[in-house]
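Just so we're clear, the structure is a prediction, and the values are computed from it rather than from any experiment.
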Amino acid sequence: MALRGTGTNTWDKFAPCNPEIHKFGDTCALLYIANDNFRQPPHPRNQRIGMAVAKSLDGPWHKVGRDGLILEIVTNTNHWTYGSQIVNPTLLPGGREIPSLLQIALSGSAGNGLRRGDCGPTRRPYRIMGEPLTTKGVTIEDGFVFAWQGKVCLISTDNHGSVTGIRGGGALWVSDDGLKFNPAWTQVAYDRIPAYYRDTIRSAWRKIYGADPKLERPKLLLEAGQPAWLYAPSGWNVTGGERTASIFCGSI
């Protein structure tokens, strides 16, 4: 087992989840979120981001720093993310060192939507920048960042369709430097589940959760530097099973 909740009085007492792993040189870096109290409230606004490293996927995994915590909750009431929750981190891979660029999804309160936060090195070693990376006022989540054709690209869910016009679809954001993603370059990354399962019997699908038959937490597998496979879980099971399912699509 790579990680488990500590069960003690720590920031990651409960539910280490939503991992992402990259390899840098001979080091594997695992990102995760966790919390110290699963009751609502304070959850989910008490979620934080941690990192563990290992020389092999088989482990052993060691939390970085004192306790693995790399991104803390914002306490500055004037910051644009104050009152938000931190979810689903992703790293921009490349080179032999763990990079300073970390894309973080932050959900806003009071209908404020979701934003992206870019994190630069500090003693933690990451901090949330002063402005969101993407368009303000849109509801996005579950980012995955990657380098492609000389650009920094980010795919995210488009929960309300305000980015792509597809409610529950996916958006592809493109940037020259990874610090600002040009809205004019934004396009559809992927569609909702029905677009990929046209030959199945829709009445046999089972809704486990969620109003829309959509993909969540998208991740890409690149082959020879090109996006080749899309992996994503869903709250809808197209086989009629009683549990949520993961889906992958090729030739994107």
Open item on the list: Please enumerate all residues that pass side chain to side chain donor-acceptor pair (under 3.5 Å) together with Trp148, with sequence neighbours excluded.
Closed with: Gln226

Are any of the side-chain heavy atoms of [X] and [Y] separated by less than 4.5 Å?
X: Thr134; Y: Val163; result: no
X: Asn35; Y: Pro44; result: no
X: Thr164; Y: Gln187; result: no
X: Leu230; Y: Phe144; result: no
X: Thr90; Y: Leu31; result: no
X: Asp67; Y: Thr10; result: no

Check: residues 51-62 side-chain donor-acceptor pairs under 3.5 Å, at least two apart:
| unit_1 | atom_1 | unit_2 | atom_2 | d |
| --- | --- | --- | --- | --- |
| Lys55 | NZ | Asp26 | OD1 | 3.4 |
| Lys55 | NZ | Thr27 | OG1 | 3.2 |
| Ser56 | OG | Asp58 | N | 3.1 |

Nearest heavy-atom neighbours spanning [X] and [Y]:
X: Arg202; Y: Pro194; value: NH1-CG, 3.8 Å
X: Ala29; Y: Leu91; value: CB-CD1, 4.4 Å
X: Leu30; Y: Ala2; value: CD1-CB, 4.2 Å
X: Asp212; Y: Arg192; value: OD1-NH1, 3.2 Å
X: Arg4; Y: Pro16; value: C-CG, 3.5 Å

Open item on the list: I'd like to know whether CD of Gln149 has more than 12 heavy-atom contacts from other residues, nucleotides or ligands below 6.0 angstrom.
Closed with: yes

So does [Y] get a backbone contact from the side chain of [X], meaning a donor-acceptor N/O pair under 3.5 Å?
X: Thr186; Y: Trp173; answer: no
X: Gln47; Y: Ile86; answer: yes
X: Ser234; Y: Trp236; answer: yes
X: Asn46; Y: Asn37; answer: yes

How many angstroms lie between [atom1] in [X] and [atom2] in [Y], if you round to the nearest 0.5 Å?
X: Asp36; Y: Asn9; atom1: CG; atom2: CG; value: 7.5 Å
X: Asn237; Y: Thr244; atom1: CG; atom2: OG1; value: 8.0 Å
X: Arg167; Y: Lys214; atom1: CZ; atom2: NZ; value: 9.0 Å
X: Glu72; Y: Ile49; atom1: CD; atom2: CD1; value: 11.0 Å
X: Lys219; Y: Ile155; atom1: NZ; atom2: CD1; value: 8.5 Å

Give a yes or no on whether [X] and [Y] share a hydrophobic cluster (residues Ile, Leu, Val, Met, Phe, Trp, Tyr; joining criterion: side-chain heavy atoms under 4.5 Å apart).
X: Leu172; Y: Val188; answer: no
X: Ile73; Y: Ile70; answer: no
X: Ile193; Y: Ile166; answer: no

- [ ] Any ring-ring contact (aromatic ring centres under 6.0 Å, His included) involving residues 25-52? Give me the pairs, sequence neighbours left out, ordered by first then second residue.
- [x] Trp11-Tyr32, Phe14-Phe38

- [ ] Could you list all the ring-ring contact (aromatic ring centres under 6.0 Å, His included) pairs where at least one residue sits in residues 193-223, not counting sequence neighbours?
- [x]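 Sorted result for residues 193-223: empty, none.
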
TODO: Kindly determine whether Ile33 and Asn88 satisfy side chain to side chain contact (heavy atoms under 4.5 Å, CB included), including the steps that lead there.
DONE: CA-CA 7 Å; Ile33 61 173; Asn88 304 343; 4.2 Å; yes

- [ ] Sequence neighbours left out, what passes side-chain contact (heavy atoms from CB on, under 4.5 Å) with Ser162? Give chain and number order.
- [x] Val138, Asp158

Task: For Asp12, salt bridge (Lys or Arg N to Asp or Glu O under 4.0 Å) partners two or more places apart - done: Lys63

